[in-house]
Amino acid sequence: MTVGVLGAGSTDWIELGNDRVIRRPGGSPLYAARALRFAGAEPCVIETGRFESRLSHTDGRTSQELVAVPEPLSEDRVPELLERLRGCEWVLLGGQSAGDFPPSVLRLIADAGHRICLDGQGLARGPDPGPVQLGPVSQESVAAVTALKVNEVEHAAAGPLDVPELLLTRGRRGATLIVRGHDPVDVEAAPVTFGDPTGAGDSFGALYCLARARGEEPVPAVRFAVGMVEALYST
């Protein structure tokens, strides 16, 4: 099964503590593709722009500053993208800011028959460069998605959103799945340590898409994604 991955590539400045700063490529396409290949799949990766960010993983907390954000994906680019995504039932969209994927673009992708898993981190960040300050997310911005992935902090800031499948990641503690009309299901992670968690959310979203594309229902798909992220990131 092939999973599509759309998102901006980046240059990341990453602080891991002890005054150690690493400069390296990043972005959803890179981390999602790495996870999918780790799971034995070959992704269809499309880089939609470029951005630059600074991340700090210190004292068990992550903070981020967006130095430069990509241009929004325009409707006139969609026909070309759809041609390249032919055969991808599930597509992960890794937005870095609220402007990356306008609602009209999401609708065009969904109307073409693709199931969208949207990383909601960008929506909660807003559209502008600067230190990341999370805020509310509009229902319109997620109306065309099948699955929305957010972490606990992003979820609290975004406010209530109605989507068919909500993937609430909880870091080293696993994830919670909320399927519309059903009670939440917690999927616990093994007690492992992540040396560098950069890209773990992108990896989780991509692996969830892969499991769903292989015919898994949402709960087993979350279990698969949690277990594979553990294997990929644990030290």
Side-chain angles (χ1 to χ4, degrees), residues 5-35 45-74 92-103 105-106 117-138 141-142 145 148-159 161 166-173 175 193-206 229 232-233 235:
V5 180
L6 301 183
S10 77
T11 299
D12 292 336
W13 299 85
I14 303 170
E15 180 184 354
L16 295 174
N18 299 320
D19 297 322
R20 186 160 63 103
V21 178
I22 302 171
R23 179 182 182 273
R24 69 184 183 202
S28 296
L30 185 151
Y31 293 112
R34 183 183 71 167
V45 180
I46 303 175
E47 191 172 294
T48 57
R50 297 292 304 175
F51 77 104
E52 183 175 346
S53 76
R54 299 180 184 275
L55 298 101
S56 174
H57 300 301
T58 56
D59 300 325
R61 301 177 61 185
T62 296
S63 60
Q64 185 172 17
E65 177 184 358
L66 301 182
V67 179
V69 299
E71 291 292 321
L73 184 62
S74 61
L92 174 69
L93 273 61
Q96 299 298 326
S97 75
D100 289 12
F101 300 110
V105 167
L106 297 184
C117 178
L118 178 63
D119 192 326
Q121 63 179 357
L123 294 178
R125 292 171 178 172
D128 301 317
V132 169
Q133 296 180 337
L134 303 178
V137 173
S138 71
S141 63
V142 298
V145 310
L148 176 69
K149 184 201 75 67
V150 288
N151 65 30
E152 292 175 295
V153 178
E154 293 159 355
H155 184 238
L161 294 169
L166 178 65
L167 311 172
L168 179 59
T169 57
R170 298 183 286 117
R172 298 171 185 170
R173 295 177 290 115
T193 299
F194 287 9
D196 177 2
T198 306
D202 301 307
S203 300
F204 175 89
V229 168
L232 184 58
Y233 281 85
T235 59

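For the single chain, residues carry numbers from 1 onward in sequence order.
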Is there side-chain contact between Cys117 and Leu167, with at least one heavy-atom pair below 4.5 Å? yes
Please report the interatomic distance CG(Leu66) to CD(Gln96), rounded to the nearest 0.5 Å. 7.0 Å
Intermediate values then yes/no, side chain to side chain contact (heavy atoms under 4.5 Å, CB included), Leu161 and Leu166: CA-CA 9 Å; Leu161 294 169; Leu166 178 65; over 6 Å; no
Run the side-chain hydrogen bond (donor to acceptor under 3.5 Å, both in side chains) check on Ser53 and Asp12 step by step: do they pass? CA-CA 5 Å; Ser53 76; Asp12 292 336; 2.7 Å; yes
Closest heavy-atom pair and its distance - Val5, Ala32: CG1-CB, 3.8 Å
Walk me through whether Leu118 and Lys149 qualify under side chain to side chain contact (heavy atoms under 4.5 Å, CB included). CA-CA 6 Å; Leu118 178 63; Lys149 184 201 75 67; over 6 Å; no
Can the positive tip of Arg170 be found less than 6.0 Å from the middle of the six-membered ring of Phe204, inside 45° of the ring normal? no
Backbone N or O of Gly199 within a donor-acceptor pair of the Tyr233 side chain at under 3.5 Å? yes
Between Val150 and Leu168, is a side chain to side chain contact (heavy atoms under 4.5 Å, CB included) present by the stated rule, with each step listed? CA-CA 5 Å; Val150 288; Leu168 179 59; 4.2 Å; yes
What one should report as the nearest heavy-atom pair of Asp202 and Ser28 is OD1-OG, 2.7 Å
Taking atom OG1 of Thr48 and atom CZ of Phe101, what is their separation to the nearest 0.5 Å? 4.5 Å
With rounding to the nearest 0.5 angstrom, report the CG to CG distance, Leu93 to Leu148. 11.5 Å
Scanning both residues in full, the closest heavy-atom pair of Pro70 with Ala8 reads CG-CB, 3.8 Å
Between CZ on residue Arg50 and CD on residue Glu71, distance to nearest 0.5 Å: 14.5 Å
Shortest non-hydrogen contact from Pro103 toward Ser141: CG-CA, 4.0 Å
Taking C-beta and beyond as the side chain, do Arg34 and Leu232 meet within less than 4.5 Å on heavy atoms? yes
Measure the CG-CG distance between Leu6 and Asp100 for me, rounded to the nearest 0.5 Å. 11.0 Å
Is any side-chain heavy atom of Thr11 less than 4.5 Å from a side-chain heavy atom of Arg23? yes
Nearest heavy-atom approach of Pro102 to Pro72 is CG-CB, 4.2 Å
Okay, side chain of Asp119, backbone of Gln121: is any donor-acceptor separation there less than 3.5 Å? yes
Can you name the closest pair of heavy atoms from Val45 and Pro29 and give their distance? CG1-CB, 3.5 Å
Could you grab the distance from atom CD of Glu47 to atom CG of Leu30, nearest 0.5 Å is fine? 9.0 Å
